[in-house]
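Sequence lines set the chain letters: A, B, ... in the order given, protein chains first and strands last, and positions in each chain run from 1.
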Amino acid sequence: MQSLRFKQIEPGLTLKDIDAEIRGYWKDKDILNKILSKGGSRKFVFLEGPPTANGRPHIGHAMTRTIKDIVLRFNTMTDHKIYRRVGGWDCHGLPVELEAEKHFGFHTKSEIINFGVEKFNEYCRESIFRYIDEWKQVDDLLGFSIDHNGDYITLRNDYIESEWFALKTMYKSGLLYKDYTVVPYCPRCETSLSSHEVAQGYKDVKDPSVYVRFKSADEENTYFVAWTTTPWTLPSNEFLVVNPEMEYSLVEVQGLKYYVATSRASSIFKDYKELRRLKGKDLVGKRYIQLMPFLDPPKGTMKVVAGSFVTSEDGSGIVHAAPAFGADDYQIGKSEGVEILNPVDKNGRFADERLPWNGKFVRDANDEIIVYLKKNQLLIKSEKYEHSYPFCYRCDTPLLYYPLDAWFIAVSRIRDKLVEYNERINWKPEYLKHGRFGNFLGEAKDWNLSRDRFWGTPLPAWRCKNGHVVFVGSRKEIEDLGGNIPADLHRPYIDGVKFRCPTCGEEMTREPYVIDTWFDSGSATYAASHYPFEGNFDPETDVPVSFITEAIDQTRGWFYVLHVIAAIMFDKNAFESALSINFILDEQGRKMSKSKGNSVYALDFLNEVPPDSLRLFFLYGAPWKSKNLDKKVIDEVSRKTLMTVLNVYSFFAYNANIDNFEYAGLQLSNNPLDRYMVSKTNSFIKFSREAYESLDFHEVVRSAMEFVDDLSNFYLRLSRRRFWADGFDEDKRSAYSTLYYAMMQFVAVMAPITPFFSDFIYLNLGGSMDSIHLESFPEFDPKLVDEKLENGMDRAYSVIETVRRLRQENSIKGRQPLKEILIAGDIDQAVLEVVKSELNAKDVRIIEKEKEPITLSADLRMDRAAPVLRAKVNAVREKIRSMDGRLVQDQITANGFIEIDGSRIEPDMVDISRQPDPAYAYSQTEKYSIDVFINKNIDRDDYLEGLAREIVRRIQVMRKEMSLNYTDRIIAYLDVSDDFVDAINRHSDYIKNETQSDKLILDKIDGMKLWEINGEPVRIKIELSR
RNA sequence: GGGGUUGUAGCUUAGACAGGCUAUAGCACUCGGCUGAUAACCGAGAGGUCACCGGUUCGAAUCCGGUCAACCCCA
């Protein structure tokens, strides 16, 4: 068999088959590398948000990667050279260490130290890439076009060195400082956490809520009512805090006097007498006696101080402050310049012999402390209080606020800059700019950078015993300072690096911290390129990066740290555009989670669902709206777009091969259908390009669905017969080139979203490159857009719909030719001409409104007319009913009223109804108010023609059942009643021609198939003619 | 406790910033039709308190205020 120009589609071909074929082709032809190396005249700076590969990629990861890929492919097609089209892997951090602890069965830090940091970190290093093969497999299945050979990896020495450079830069500019302060602290992991880590772990818990009384030192029988949800902090109390602007009362209860916020008194005491009111500032300076006599109160404590953070929403309006265990409390202690009482060790246990609860974990001591308070008559009231409390986001231990040495980045000092640079970012969705992200920047806190842990980027700070500090900004500097550069920059090797202090000559040792792993990923902008030591990264041109996207939870995670670090290092915003993706929910709309067991892993899903279908689904609706993972919906979207286009292609290929069509550019005739389709195609190109550029990929999908519907169900349906005409004239060439053009442009527009399918059609249409992804994105040609024609076609289509409706209402089949269709309204004759075949009528005419076959009849509205005309009403009604309705309407239009029998009749008193003439059925098109009439009378000639068509259709079905090619000739035997005999005799040429029959034989033979047409039996048998 | 987003038919969804004919379309459902694309297609029907309450307005799905629910973020 000779090879065909256009490959024909096997029946039953699925998207999975297409996927497999194209995937194989890409491998054979090394298409990915050709895409990666494609040039461009403009630069597009890409940055992959690095996942940690110690877990399996789930369906949400597939979505973020799809969107990244769409952006990359689109920009490749629009003449951009992609800078740094590589993946990246986040390697460090507490989650990894935790995994390792679980593996070894460790519960405390000392177990790790005893085991050996070297071996521990070695395990961490191995474990993080456990699932990297699966990640790469998913990327491959999905068609993610990045270069995994160039991946950046945050544990590499080069990467760490770039971070050192940044840290040193920050230190030199004074933005990196060490402080002893109260920080969120995990007593199990024995390290502090940063605010964005703390934010991950809030949970609702019930804690005791106690009201206790502090005895005044100056006033007889007088107490301060204080409230706390952490009774274990009471032994460390140093101050009571009031809001200086708030109102307080002195109340009397059972002979004792209490200071309490006025608005809270009634919820604490059932029965009380108010003695006096005063402002909070009047209480400031008053002294009290220590609540529990265990620890020695430091000098300057045991007094009431002012704090604006105190509210009267709950509690007593008087807050007990233990500077060791709260951020606000610590600030007070600091400004009062007092010693801090901290009887708790780093494991969160009381560690002071003087305390009765010594050795207990603090939160476990709460109950005993309450018993103590009760016994000593210090407790006013205790209850359970439900509130949210931070837990360690990895190990689930309740966090403490604990005073520690820690290194900070002074983010609060560059807050204004962060806010200012945010204005330059194009956010998708837009509300994030001043919502979630903007709000966070506005209250940015200093970033707690140091972690008292093992597996992470080491903090490059060395200190001597005289307190001199040196930050090392590169490997070479270690050498310059007289140290040895370890082969691996991680702990414990880096801890062994020692050198002499350049200031005093004493030995310097490294500060024992690693840094927050978020600093790693936030440094990707420059560290991925080993800036400034090597590579081609240039802050001038490569910051901000062009585009980033991740799931919504990264808004205050990765997006935030990128923004902060770029603001400090480069004095710019880190990214131009950011798209935030919402979660994929399960079929029922529930959040996916491991504990519910409804998580869907990307690999499993991609083994069932073709990648293009999944990619389309991700963009069916805005990506920042959550969607339910529903296979039915996935099927629907790809069926309506891809499968329909596949059908269109199949039609095209079949006919184009027969006609030996070859595409040589668009060759348009004057046929309005072709011009319409080309115009629509260009409108689609324009709309899509703009949608891609503004990151509204879902708009591309939406308009693609409309486009495909138009192409298949309007253009092709109406054009079909033109492809079957004999010969090869201008009109046929125009039709072919239009169809080819429309398909080609469509798949090119869709290529970033459905890369496999688009390439399949492209290659089968004989595209000139090796892959559609090496092509340019279609250019919009304004000359080819004809809005008037598009509108005219729309109107014509609405007429078709209306005729169909009228046929249905009057039980006239579509196959039955109508005698006459009359159309009144704004419609173009030439356009009407091309859709005429769809109307199936002998005569289609456009007429003037006035010539409509309609009778107007006038009547009175009795509810309006009767009250005015009174007794005359019936006579007038008689009269107006007998008048020509058109005359009545004309007079009213001309004069504003009509006079009948001397009575003035106002327009609102008259009802004019339109009745089509009995021969016609009438309706109006929905959108354009075009009047459509069909003549309901069917004469015998037309009736017989209708019957002939019925017979044709039955024979076609039988041909189909016999799987004949449409060129196969047949002989048809028919056994029919009289009307049909007439129809067959009169239309035998037509029937023969339509059914490829050599002969029609009116006879009764064996094996005939019985049909019923209009209630009459019709027996038919066909056989191949030879 | 504070902030953000969302709420339109059984499901998916347009319209909302710029208020205006009967609230858009698809899937599924019922009935009818079409057939040289056929695991495709067309028409009709049914299905809606546009989450709820109130306000502004001649007119509100749309603007404003409040409530409820879901999700996210923060403390």
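- In this structure B/C29 sits in a base pair with B/G45, meeting the Watson-Crick or G-U test at under 3.5 Å.
- The nucleotide whose nearest atom lies closest to any side-chain atom of A/Y620 is, among B/A37, B/U12, B/C42, B/U12.
- As rounded to whole Å, 15 Å separates atom C1' of B/U5 from atom CH2 of A/W427.
- Nearest nucleotide to the A/R702 side chain, out of B/C34, B/G4, B/U13: B/U13.
- Proximity note for A/R717 (side chain, C-beta onward) versus B/C72, B/C34, B/U6: the nearest is B/C34.
- A residue-by-residue look at A/Y431 and A/S626 shows that A/Y431 has its nearest nucleotide of RNA chain B further toward the 5' end.
- The side chain of A/N713 approaches B/C41 more closely than any other nucleotide in the set B/C72, B/C41, B/C27.
- Heavy atoms of A/K640 sit under 4.0 angstrom from primed sugar atoms or phosphate atoms, though from no base atom.
- Contact annotation for A/R807: no contact, since no heavy-atom pair falls under 4.0 Å across all strands.
- In this structure, CH2 of A/W624 is placed 14 Å from P of B/U13, rounded to the nearest angstrom.
- Taking atom P in both B/G10 and B/C52, one finds a spacing of 13 Å when rounded to whole Å.
- A/H698 has its side chain within reach of A/D696: a pair of non-hydrogen atoms, C-beta onward, lies under 4.5 Å apart.
- Atom CG in A/D635 sits roughly 19 Å away from atom P in B/G26 (whole-Å rounding).
- Dashed line: the shortest gap from a side-chain N or O of A/N628 to OP1 or OP2 of B/C11 is not under 4.0 Å.
- One finds no salt bridge joining A/E994 and A/R954 here, because no Lys/Arg side-chain nitrogen approaches an Asp/Glu carboxylate oxygen to under 4.0 Å.
- Atom-to-atom, NE2 of A/H698 to P of B/U13 comes out at 11 Å; the value is rounded to the nearest Å.
- Using modelled atom types, one side-chain atom of A/D612 and one backbone atom of A/F757 make a donor-acceptor pair closer than 3.5 Å.
- Checking A/D17 against A/T14 by side-chain atom types alone, a donor-acceptor pair falls below 3.5 Å.
- B/U62 is unpaired under the Watson-Crick or G-U wobble criterion, no partner having all donor-acceptor distances under 3.5 Å.
- One can place CZ of A/R720 at 11 Å from C1' of B/C42, the figure rounded to the nearest angstrom.
- When each of B/A37, B/U6, B/C72 is scored by its nearest atom to the side-chain atoms of A/W724, the top-ranked nucleotide is B/A37.
- Computed from coordinates, the A/I812 CD1 to B/G43 P distance equals 18 Å when rounded to whole Å.
- Side-chain proximity of A/E950 to the nucleotides B/G7, B/A37, B/C34 is greatest for B/C34.
- Comparing B/G55 with B/C72, their P atoms sit 35 Å apart, to the nearest whole Å.
- Across all strands shown, A/S712 has heavy atoms under 4.0 Å from base atoms, whether or not it also approaches the sugar-phosphate.
- One interatomic measurement links the two molecules: CZ of A/R436 to P of B/G4, which rounds to 12 Å at whole-angstrom precision.
- Residue A/L716 is classed as a base contact, given a heavy-atom separation below 4.0 Å to a base.
- The interatomic distance linking A/F618 (CZ) with B/U12 (P) rounds to 17 Å, in whole Å.
- Aromatic ring orientation, A/F661 versus A/F652: perpendicular (interplanar angle above 60°, classes split at 30° and 60°).
- No engagement by A/N582 is indicated, since no non-hydrogen atom pair under 4.0 Å with the nucleic acid exists.
- Distance from the side chain of A/R639 is smallest to B/A40 among B/G7, B/C74, B/A40.
- Between A/Y401 and A/Y330, a ring centre-to-centre spacing not shorter than 6.0 Å is recorded.
- When distances run from any side-chain atom of A/E636 to the nucleotides B/U6, B/C72, B/C27, the shortest one goes to B/C27.
- Salt-bridge formation is detected for the pair A/R702/A/E699: a Lys NZ or Arg NE/NH1/NH2 atom is positioned less than 4.0 Å from an Asp or Glu carboxylate oxygen.
- With B/C34, B/G4, B/G3 as the choices, the nucleotide that has an atom nearest any side-chain atom of A/N439 turns out to be B/G3.
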